[in-house]
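Below is one structure, written out as structure tokens; comments come after it.
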Amino acid sequence: MMNFDTMDPSMGDYPPLDGGMEPSMDPHLNPGLLQDLDAEGLPVPGSEHLMEGMFSELHSAVSEGGIPVTAAHFDLQEEMLWTGNHRGHVTSFFGPTMVRHSSFQANAADDIRQIHSLETGVLFLSKCNLKCHTRGGLVMFDYPMDEGADMHSLLMTDNNTVLMGGLQNYAVEFDLNAMQETQKFNVEVPGVAIMRQTGRFFFCGHTSGKITLRDLRSFKTEHEFDAFSGSLSDFDVHGNLLAACGFSSRGMNGLACDRFLMVFDLRMMRAVTPLQVHVDPLFLRFIPTYTSRLAIISQTGQCQFCEPTGLANMADIFHVNAGGQVLMSFDVSSSKQALAFGDSGGIVHLWSDAPEVSFNDYSRESEFALPCIVDSLPQLDWNHDLLPLSLIPTPLTSTEQLLSDWSSAMATPSPRRAPPVDPEILRTMKTVGFIGYAANPRTRPRNQVPYKLKDVELDYDNYNQVPESPIGRDEEPHLYMVPKKYRKVTIKYSKLGLEDFDFKHYNRTLFAGLEPHIPNAYCNCMIQVLYFLEPIRCLVQNHLCQKEFCLACELGFLFHMLDLSRGDPCQASNFLRAFRTIPEASALGLILADSDEQTGKARLGRLIQSWNRFILTQLHQETQEQEGPQAYRGASSSSLGSSGESAIGKLFGCEVENSSLCRCGKETVRTSLSLLFTVHYPEHNSTDKAMKEYDFAEILKRSICLEQSTQAWCENCEKYQPTVQTRNIRCLPDVLVINCEVNSAKEAEFWKVQYAFNKAKQKEKEKQAMEPPKPKEPPPPMPTEWCLDGEDPSSMAGFTFDTKAEDLRHVWIPQSLKMQISKTQGLEVSSWPEGEELSSAEEEEGASVYDLVVTVPHILDARTGGNLVAHIKVGETYHVRKEGVTHQQWYLFNDFLIEPIDKLEAAQFDVSWKVPGLLYYAKRNHHPKYDLRIKNPSMPACC
């Protein structure tokens, strides 16, 4: 902290800094200085001989002529020196030659008071502002202080936190990552002008002349040193010594610079013998090289080096050639090899004790602005016979045909068969579940493939991401208000942990939620789905084996905890720990890193559909029926690959017949067991601007009985041929699982348009019901197609996509479906009125009614990164056990938030924020097929 009242009186005649005076017109500048500047603004010193170990001037440069240099700082990462002046301008110099690196305005009104370098940028502190720039001058952030702040000091407490103090009664703690103030500490003695840190404690120098030792965490004063009676100028700490310089009160004569340095021993917390020096000290720093030397600087440019516990010698005084100006700033490099002085004339002086100086012990390379390079083409000798014509650039146009574009008559396409798998890999491969693992035989170099594969551009669900540029945004993302109950819930910890957190505020039922603050807890909604499927709950609670990591066992223990809970949330930590050890889960990319979950980078919609496929397959393998008494206990790991049928296969399984027909007439038929089906959307012709209306039952039938054409290898033709692949089912499952596969804007647009058709149809029906019939005038035609020519369906007048109460009835997904497999027409799917039963004739024909029981949407929220929730239709048995009532009700499960909802809300999807992920349809009255008794209940000690 500089006391400007004791400076050179000639400084009072200095012109105002906001004036427009040219530096050359300033009478206080050294006239000879400006005459000896070269084109780069650098002085041309004479040849000087530096003696090893003795500090002397190495170089000097003009920061900004006539403007005082108020702050100097050696960069801690690169070989650079930063300076800031009285008008808020910043300049950096590279290396000992002080080549100008960058120069920019950091503050428009106030002076730069302290500079500190970071890994990614540089901090600049002014009176009421903290600003961070890149080393090239780009602004990273700009943080204004509270009104009335007068900041003077800056201290880095860790990699991401800084402390700021000044001439006010508080100090501010600032988080550089969040770019916000985290704490504000009250200061008993106002005026924290200087801050230094050593070890666990840090020191604050006050304008009253006192130095306080404080705890870095609590800011509590541990000890206080009364250094000077007037004011404090500077102090430094090294090892067990604290040295300070300042001003003493001389009664009526005001303040006078004290030539005695106060030295304190931090081991005994008391002062030792003061050190008398021969200059008026304004700055001081420890320069611990071989000894703990002190550098004492006066404002007139005198520099004295001495030991803190010895005697000062007149022979150790050196002079900084400031040209009659006073020194305003001073800093020492981290290597202790260089000193920097800034004076009131805008000159920066670099001193060193060696000709080859390094500012840091280990500096990284600095980036420089690229020079303006004018492309120059080489001279070409046309008389040279071997001159390559490719040196002459020629533009390519789309109208001209290239020489390499051969016509089909001159070229024959030759399909290339996929290379066979290395026999060594097949020989050593071990199959775990449905994935094979083998060691790399290293028969070819790393990252080498037989031929270049075609780059396939993955079409992610980028429609839910906010673009960096507003170009292409059809609607403002913040206009979509996600209802509060659908938003991502978090647990707010206090000093008592979870004791005073009110979970009842989020869950007023007796069903148990799941805590979200566990790695890979994105699957909480699917755990609730499996729990409320009664056959699965009884199956896993009956299962108990000797495997170390068995998902069925852990799921059974977790379900037992959910049974015992009376509304309190449970943790799925044991289940998720076992889940992370499954090799197939890692191979499928189902295990998320903590950074992906926190930053919201995970594609949750795609991820939960993959997790659904994995968990059904895994439970199917782990719970396959076995012979003997080991059906419920003691199942060994070797039996997991048995071909027995499991309850999962009975509940979800559907025997599928896949047929491949080549154009040569050869047909290949194979059967398999499918546990779920994926929705396949109709192809939309880009030339056709109209998108048609479809019924959900029609789309579902197309997806189950899929027929598509693709290129496949034909053994008969021995080449790739167009092949028609057809899929048919031989039986109906008890629970139909559907992956909606809405992973891109194309599928999302399809759902939008179908909801628009449905809403228009509902409004037309209401209008016709309210108006009297007019036989002479035909009713208006129903919409049969939707025009997408340059217009977004969600922006059309009369069509909005929201979750208002009056719009809940506009759903595209039916509550009930009728499915039947006939011998003549194959699979038949149609919508069915909810609550209506089948006739006896329809039941004899094999028809079944499926009711919607589960929907799992992906909630899009740019503020939190999104989350997954589940709508579950809870059956009567669960209500009887928990609440003692017999009824069915739809609930929303959002981690530990559970709330009853309307049945239409579960089937309503506004794809702008609520994207469908999974659908579960259960066959009506399918429970009697399964044994719902728990034969091997978990004991309380197991939980």
Side-chain angles (χ1 to χ4, degrees), residues 509-512 526-545 550-566 570 572 575 612 615-616 618-635 644-654 675-676 731-737 816 837 843 848-854 870 872-891 893 920-940 942-943:
T509 69
L510 295 180
F511 300 112
M526 280 306 301
I527 294 176
Q528 295 281 15
V529 170
L530 298 177
Y531 171 71
F532 284 103
L533 292 175
E534 189 80 1
I536 294 185
R537 184 187 69 85
C538 298
L539 170 68
V540 296
Q541 286 189 281
N542 282 327
H543 178 85
L544 192 63
C545 66
C550 176
L551 294 187
C553 291
E554 296 295 345
L555 208 56
F557 295 145
L558 178 58
F559 286 176
H560 181 67
M561 294 171 60
L562 296 177
D563 283 340
L564 297 179
S565 175
R566 304 292 293 177
C570 301
F575 170 77
N612 179 46
I615 197 65
L616 294 183
Q618 189 72 17
L619 293 179
H620 171 64
Q621 295 175 356
E622 293 181 349
T623 60
Q624 284 175 338
E625 293 184 0
Q626 304 166 15
E627 299 180 359
Q630 292 185 346
Y632 293 100
R633 185 184 298 273
E645 187 180 9
S646 71
I648 299 293
K650 294 179 182 178
L651 187 65
F652 300 101
C654 181
L675 299 177
L676 54 85
C731 62
L732 294 175
D734 290 338
V735 177
L736 177 64
V737 183
S816 299
E837 298 292 339
E843 291 181 354
S848 300
V849 176
Y850 286 81
D851 295 322
L852 182 66
V853 293
V854 169
I872 303 175
K873 185 179 182 181
V874 180
E876 295 180 356
T877 56
Y878 291 90
H879 283 97
V880 170
R881 288 200 308 270
K882 291 286 187 178
E883 299 178 349
V885 294
T886 57
H887 77 287
Q888 297 181 356
Q889 175 64 44
W890 280 92
Y891 289 92
F893 289 84
Y920 276 55
Y921 279 91
K923 185 183 293 185
R924 191 173 294 178
N925 301 323
H926 71 283
H927 284 173
K929 296 182 182 180
Y930 301 92
D931 187 3
L932 301 181
R933 297 172 299 171
I934 298 179
K935 304 175 183 179
N936 184 32
S938 302
M939 301 302 294
C942 297
C943 299

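By convention here, the first residue in the shown sequence is residue 1. A quick note: this is a predicted structure, and the numbers were derived from the prediction, not measured. Only heavy atoms go into these numbers, but all of them, side chains included; no hydrogens, no water, no symmetry mates.
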Residues Asp563 and Arg537 bridged, charged N to O under 4.0 Å: yes
To the nearest 0.5 Å, what is the distance between CG on Asn925 and CG on Asp851? 8.5 Å
Is the shortest side-chain heavy-atom distance between Glu554 and Phe557 below 4.5 Å? yes
Who pairs with Tyr920 by side-chain hydrogen bond (donor to acceptor under 3.5 Å, both in side chains), at least two apart in sequence or on another chain? Asn612
Could you measure the distance from the CG atom of Leu539 to the CG atom of Leu533? Nearest 0.5 Å is fine. 11.5 Å
For Arg566 and Leu510, work out which heavy atoms get closest and say how close. NH2-CD1, 3.3 Å
Side chain to side chain contact (heavy atoms under 4.5 Å, CB included) partners for Thr877, two or more places apart: Glu534, Arg881
With sequence neighbours left out, the residues meeting side-chain hydrogen bond (donor to acceptor under 3.5 Å, both in side chains) with Gln889 are none
Residue pair Glu622 / Ile648, side-chain heavy-atom distance below 4.5 Å: no
State the CG-CD distance between Leu558 and Gln541, to the nearest 0.5 angstrom. 9.5 Å
Does His543 reach the side chain of Leu619, with side-chain heavy atoms less than 4.5 Å apart? no
Determine whether Phe652 and Pro535 make a side-chain contact, defined as any pair of heavy atoms from C-beta on separated by less than 4.5 Å. no
Provide the closest heavy-atom pair for Lys873 versus Leu852 in the form atom of the first, atom of the second, distance. CD-O, 3.8 Å
Can you say whether the rings of Phe511 and Phe532 are parallel (under 30°), tilted (30 to 60°) or perpendicular (over 60°)? perpendicular
Least distance between heavy atoms, Ala512 atom then Gln528 atom: O-NE2, 2.9 Å
Quick one, Val529 with Ile872, criterion side-chain contact (heavy atoms from CB on, under 4.5 Å). Give me CA distance, side-chain angles, the key distance, then yes/no. CA-CA 7 Å; Val529 170; Ile872 303 175; 3.9 Å; yes
Considering non-hydrogen atoms only, spot the tightest contact between His620 and Ser646 and give its length. ND1-OG, 2.6 Å
Quick check: closest heavy atoms across Ser565 and Cys570, and the distance to 0.1 Å? CB-SG, 4.1 Å
Test of understanding: with ring-ring contact (aromatic ring centres under 6.0 Å, His included), list the residues that count as partners of Phe559, not counting sequence neighbours. Tyr531
Within-4.5 Å side-chain heavy-atom neighbours: Ile934 and Asn542: yes
Which atom names give the shortest non-hydrogen contact between Cys538 and Asp931, and what distance separates them? CB-O, 4.4 Å
Do Ile527 and Phe893 have side chains that approach each other closer than 4.5 Å (heavy atoms only, starting at C-beta)? no
ring-ring contact (aromatic ring centres under 6.0 Å, His included) involving Phe575 - partner list, sequence neighbours excluded: none
Got a sec, which residues hit side chain to side chain contact (heavy atoms under 4.5 Å, CB included) with Asp734, two or more places apart in sequence or on another chain? Leu651, Lys923, His926, Lys929, Tyr930
